[in-house]
Amino acid sequence: MGMRFSPPPENALHGGDRPQGPAKQEQQQQQSFSDFCVQHDLPLGTLTIRPAQPEDVGPASVLLTRAFAGSLQGVPIGDARQYCQDSLTQPPRGVLLVARLQPTDLALLPPGQATRLCATVGLSFCRDTREDFPTLQPPDDAVYLSNMAVDAKLRRRGLARKMLAAAEALVASAGQREIYLHVRLADAPAQQLYTSSGFEVLTRDNALLAKVRGITPRALMRKRL
């Protein structure tokens, strides 16, 4: 399949040849995140993966709400919308990547839309852009991946793997070399996705203690890029 990748400029990520102050470096990295874009030419159509924009907040919040409905990770639509809205101002401390599909089958398009938002994945580059976890806390300065979600009508088409690859490309272009994530112990397909993509399990929740605490047993995974 064809793929077009527009990574951030190298000098934007690392400040060029001249030393830069922290504020200038953050501004440059914020711009580099905004410029990030990956495109795939698929049988389904053209898939574009990029940071969320204001017009993505509504459909992304609906996608996240539906993806996690019925689980302990489920959130009300209002909370999902606030998360998506907050993500717009987080780069480079965090970013929400979204995938939009320009389908060959126009029946897949929402009314009045030229593309369909079909997947999300979140990246947190510091602790203040993610929640405090009751167990299995990743390192404070580590990159943490979360909120991987794919439109139910487009699952099993390889979109999750493409979102994961795009997230890894952005993390690597930002000079980071590790990604952490949590996966539910009962979610075998997600575990298979991450394991086959090079993630390894570092530690797992004790099932009995998790039940006492009222939390879903998970594993903490890591990949070195």
Side-chain angles (χ1 to χ4, degrees), residues 1-3 5 36 38-45 47-52 60 62-75 80 83-84 87 94-101 116-125 130-131 133 135-139 142-174 176-205 207 210 215-225:
M1 301 299 175
M3 182 180 77
F5 173 39
F36 180 83
V38 176
Q39 288 189 323
H40 297 273
D41 294 322
L42 308 175
L44 283 170
L47 187 75
T48 301
I49 304 172
R50 54 160 176 74
V62 171
L63 176 60
L64 285 165
T65 301
R66 290 176 176 171
F68 296 106
S71 71
L72 290 179
Q73 289 73 40
V75 295
Y83 164 77
C84 295
S87 75
V95 65
L96 177 66
L97 294 179
V98 300
R100 280 195 171 269
L101 177 70
R116 181 189 186 105
L117 194 147
C118 57
T120 66
V121 65
L123 289 169
S124 164
F125 286 78
R130 55 180 176 259
E131 63 183 287
F133 303 106
T135 63
L136 310 185
Q137 184 77 35
V143 180
Y144 178 74
L145 183 148
S146 65
N147 294 319
M148 173 79 78
V150 176
D151 189 324
K153 291 185 178 181
L154 296 170
R155 290 175 184 167
R156 303 188 184 281
R157 309 289 186 93
L159 298 187
R161 198 171 293 278
K162 287 179 171 52
M163 294 299 289
L164 188 58
E168 292 176 4
L170 179 56
V171 169
S173 69
Q176 301 292 327
R177 293 295 175 259
E178 292 183 335
I179 304 178
Y180 289 76
L181 60 82
H182 289 118
V183 62
R184 289 179 295 141
L185 297 183
D187 192 345
Q191 290 184 56
Q192 196 279 331
L193 167 68
Y194 296 130
T195 300
S196 65
S197 298
F199 284 81
E200 60 177 340
V201 173
L202 297 181
T203 185
R204 296 178 174 84
D205 279 320
I215 61 175
T216 301
R218 301 168 304 164
L220 179 65
M221 304 186 77
R222 178 188 64 192
K223 180 175 181 177
R224 290 193 169 114
L225 303 178

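For the numbers below, each heavy atom of this structure counts, side chains included, while hydrogens, waters and symmetry mates do not.
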TODO: Take E200 and R222 through the test side-chain contact (heavy atoms from CB on, under 4.5 Å) and record every step on the way to the result.
DONE: CA-CA 5 Å; E200 60 177 340; R222 178 188 64 192; 3.0 Å; yes
Open item on the list: For a quick test of reading the model, state the closest non-hydrogen atom pair linking Y83 to G122 and the distance between them.
Closed with: OH-CA, 3.8 Å
- [ ] State, to 0.1 Å, how close E168 and S197 come at their nearest heavy-atom pair, and which atoms those are.
- [x] OE2-O, 4.2 Å
TODO: Output all residues satisfying side chain to side chain donor-acceptor pair (under 3.5 Å) with T48, sequence neighbours left out; order by chain, then residue number.
DONE: Q39
TODO: Kindly give the heavy-atom pair with the smallest separation between L63 and A149, and that separation in Å.
DONE: CD2-O, 4.1 Å
TODO: Measure the CG-CD1 distance between L136 and I215 for me, rounded to the nearest 0.5 Å.
DONE: 7.5 Å
TODO: Just jot down the salt bridge (charged side-chain N to carboxylate O under 4.0 Å, His left out) partners of R155, sequence neighbours excluded, or say none.
DONE: none
- [ ] Identify the two heavy atoms, one from C118 and one from L159, that lie closest to each other, and give their separation to 0.1 Å.
- [x] SG-CD1, 4.0 Å
Task: Non-neighbouring partners of Q191 that pass side-chain contact (heavy atoms from CB on, under 4.5 Å), sequence neighbours left out - done: V183
Task: Partners meeting side-chain contact (heavy atoms from CB on, under 4.5 Å) with A142 (sequence neighbours left out) - done: P139, Y180
TODO: Please work out whether the ring planes of Y144 and F133 are parallel, tilted or perpendicular, with thresholds of 30° and 60°.
DONE: tilted
Task: Between CZ on residue F199 and CG on residue L193, distance to nearest 0.5 Å - done: 8.5 Å
Task: Selection residues 143-152 - residue pairs positive for salt bridge (Lys or Arg N to Asp or Glu O under 4.0 Å), sequence neighbours left out - done: R116-D151
Open item on the list: Do P51 and L97 make a side-chain contact, defined as non-hydrogen atoms from C-beta onward lying under 4.5 Å apart?
Closed with: yes
- [ ] Could you give me the CA-CA distance, side-chain angles and deciding distance for L170 and V38, then say whether side-chain contact (heavy atoms from CB on, under 4.5 Å) is met?
- [x] CA-CA 10 Å; L170 179 56; V38 176; over 6 Å; no
Open item on the list: Within this structure, what is the CG-CG distance for the pair L42 and L154, rounded to the nearest 0.5 Å?
Closed with: 10.5 Å
Task: Straight-line distance of K162 NZ to H40 NE2, nearest 0.5 Å - done: 5.5 Å
TODO: Nearest 0.5 Å please: distance from the CE atom of M221 over to the CG atom of L145.
DONE: 11.5 Å
- [ ] Check L225, V143, L123 against Q176 for a side-chain contact (heavy atoms from CB on, under 4.5 Å) and give me the one that passes.
- [x] V143
Task: N/O donor-acceptor pair under 3.5 Å between T120 side chain and N147 backbone - done: yes
Open item on the list: Using 0.5 Å steps for rounding, measure from the CD atom of Q192 to the CG atom of D187.
Closed with: 11.0 Å
Task: Minimum-distance pair of heavy atoms, taken over all atoms of R224 and E178 - done: NE-OE2, 3.1 Å
Task: Test item: Y194 and V201 side chains (from C-beta on) under 4.5 Å apart, heavy atoms - done: no
Open item on the list: Please find the pair of heavy atoms, one from K153 and one from R157, that lie closest to each other, and give the distance.
Closed with: O-NH2, 4.2 Å
Open item on the list: My understanding is that only one of R218, H182, R184 makes a side-chain contact (heavy atoms from CB on, under 4.5 Å) with D205; could you say which?
Closed with: R218
Task: For R100, all residues meeting salt bridge (charged side-chain N to carboxylate O under 4.0 Å, His left out), sequence neighbours excluded - done: D56
